[in-house]
Amino acid sequence: MTLPSISVVIPTAGRRAVLSAAASALNQTLVPFEIIVVVDSTASPVSQALCDLSSLVRIFFTGGIGANGARMRGISEAKGEIVAFLDDDDVWEPEKLERQLSVWCAAAQSRRHAVVSCRIALVDNQGNILKKLPSRVLGPEERVAGYLFRRTSIAYGEALLHTSTLMCDRALVELEPWDSGLIRHQDWDWVLRVGQRSDVALRMCPEVLVAVAPADTRSISMSGDWRASLAWLEKRADQLTPRERGDFLLCHTAIIAIRSGSRRGALIAAGQSLSSGRPGVVAWMVWGLHMVSPRFVDRASRLRSRLTLGPRRVLADLHYAKGRIRPTR
């Protein structure tokens, strides 16, 4: 059996971290057909270093069109049958593509298209594991909106479908392109749309296959605009139940507002959750704890993670760790 070819698409603002991301894609047990890096600017000092990594790396430049625009440019240039997405500040475990392709092939036997995700490890700048997320994986026939937004635990990371975990057939992205106009919730928007299609199978590997870095304000997908979150929900409200809408507003839109310094925004989101949704008790608890003190929430979360994980370091387990990247030709 001939395995389908894989194109890796990496949008970037030109940060040096993209070298580690690209190297982790090169150092897979299943080597991809190509790695497309789309630099969302007119030039980048890391361009030559990327080219030196491997002849498999192809670089394209855009003029500040945003994360989804850069992602779609990469897809338009891709030649592989499968597309795997990777953010420029994240890295993959060596078996990521091999493990996911196996799941994709099995899922594609029952549906015309398939999307595969996996679990992630949140790591700090020193490589320490902060959390392994999500705490549970998406069920084979579970609604995507219910999985992502219905809150049943006050602990962060109950459900997650991160961009750097996603793999799908290129034909699906051509049918359902990423929305280039969004500045918030780009990955959720896409998985919600494809998850509604009857010809799509959405599956998750239970393994942790991606290391995700802390949020960086220089990221082309990073934004603290809570109003953009409200606008996104208005656009997709008909795809969510009242409970899902209410929980989303309290646990996502309001939290974005609080962490960007706008308690007024958090109150507006809470009002919207009452007028257009039916939030659950847990969502109100999450909202209330953040309104009292987001720093307390963060400290409690870090303490819980230390008790759960212990003093382990994720990069010690990654053969593409910083200082050990080996270019391939």
Side-chain angles (χ1 to χ4, degrees), residues 66-68 120 122 124 130-131 133-136 143-163 179 181-192 212-305:
N68 274 0
I120 69 169
L122 284 180
D124 63 19
L130 304 177
K131 289 178 182 291
L133 304 174
S135 58
R136 71 178 186 88
R143 288 182 63 254
V144 174
Y147 170 73
L148 287 174
F149 304 135
R150 188 182 177 94
R151 196 69 178 259
T152 62
S153 170
I154 62 172
Y156 170 73
E158 179 182 6
L160 187 71
L161 292 169
H162 190 281
T163 304
D179 189 337
L182 293 177
I183 60 173
R184 293 265 358 160
H185 312 317
Q186 299 133 326
D187 45 2
W188 288 346
D189 182 84
W190 187 74
V191 296
L192 276 179
V212 174
D216 186 333
T217 54
R218 293 173 297 170
S219 170
I220 59 178
S221 60
M222 182 67 179
S223 167
D225 187 355
W226 60 269
R227 294 185 184 278
S229 182
L230 270 181
W232 178 81
L233 181 63
E234 290 176 3
K235 187 176 181 179
R236 300 298 179 200
D238 60 339
Q239 299 176 20
L240 278 63
T241 66
R243 168 67 182 275
E244 292 158 4
R245 288 196 297 270
D247 284 11
F248 173 87
L249 285 161
L250 292 179
C251 298
H252 296 288
T253 306
I255 304 310
I256 293 169
I258 291 169
R259 292 188 178 276
S260 64
S262 177
R263 289 183 177 273
R264 177 176 173 274
L267 291 171
I268 290 174
Q272 290 271 19
S273 74
L274 290 172
S275 62
S276 64
R278 193 175 300 145
V281 174
V282 173
W284 280 114
M285 292 173 64
V286 172
W287 179 84
L289 287 170
H290 279 83
M291 286 291 284
V292 171
S293 175
R295 289 185 179 180
F296 170 77
V297 174
D298 291 343
R299 284 196 292 267
S301 179
R302 286 194 295 269
L303 177 60
R304 182 175 180 271
S305 296

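What you see is a predicted model; the values in this text were computed from it and never measured. We're numbering straight along the sequence, starting at 1.
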- Distance-only, no hydrogens or angles: does the Y147 side chain make a donor-acceptor pair with backbone N or O of L161 under 3.5 Å? no
- Task: Could you check S276 against L249 for side chain to side chain contact (heavy atoms under 4.5 Å, CB included), going step by step and ending with a plain yes or no?
- Result: CA-CA 10 Å; S276 64; L249 285 161; 4.0 Å; yes
- Query: How long is the gap from CG on L182 to CG on D189, to the nearest 0.5 Å?
  - Reply: 5.0 Å
- Among Q239, R151, R150, R143, which one satisfies side-chain hydrogen bond (donor to acceptor under 3.5 Å, both in side chains) with E244? R143
- Query: With distance as the sole test, does S260 use its side chain to make a donor-acceptor pair with the main-chain N or O of A257 at under 3.5 Å?
  - Reply: yes
- Query: Which of parallel (below 30°), tilted (30 to 60°) and perpendicular (above 60°) describes W232 and W188?
  - Reply: tilted
- Heavy-atom side-chain proximity of L122 to Y156 below 4.5 angstrom: yes
- CA sep, side-chain torsions, deciding dist, call: R243, F149, side chain to side chain contact (heavy atoms under 4.5 Å, CB included): CA-CA 9 Å; R243 168 67 182 275; F149 304 135; over 6 Å; no
- Message: So does L240 get a backbone contact from the side chain of R245, meaning a donor-acceptor N/O pair under 3.5 Å?
- Response: yes
- Side-chain heavy atoms of I255 within contact of P294, under 4.5 Å: no
- Message: Quick check on side-chain contact (heavy atoms from CB on, under 4.5 Å): which of V282, V286, I154 does C251 satisfy it with?
- Response: V286
- Query: How about L148 and V191: do any of their side-chain heavy atoms sit closer than 4.5 Å?
  - Reply: yes
- Query: Going by heavy atoms in the side chains, are R295 and S293 under 4.5 Å from each other?
  - Reply: yes
- Item | Note, H185 side chain near I256 side chain (heavy atom, < 4.5 Å) | yes
- What distance do W287 atom CH2 and T253 atom OG1 have between them, rounded to the nearest 0.5 Å? 13.5 Å
- Task: Step through the shown structure and confirm whether more than 12 heavy atoms of other residues, nucleotides or ligands are within 6.0 Å of CZ on R263.
- Result: yes
- Query: Are any of the side-chain heavy atoms of S273 and F248 separated by less than 4.5 Å?
  - Reply: no
- Message: Counting C-beta onward and ignoring hydrogens, is there a side-chain heavy-atom pair between L267 and M291 closer than 4.5 Å?
- Response: yes
- Q186 side chain to D179 main-chain N or O, any donor-acceptor pair under 3.5 Å? no
- Message: Show the nearest heavy-atom pair for residues P279 and L250, with the distance to one decimal.
- Response: CB-CD1, 3.5 Å
- Task: Give the intermediate values and the outcome of side chain to side chain contact (heavy atoms under 4.5 Å, CB included) for residues L230 and I268.
- Result: CA-CA 10 Å; L230 270 181; I268 290 174; 4.2 Å; yes
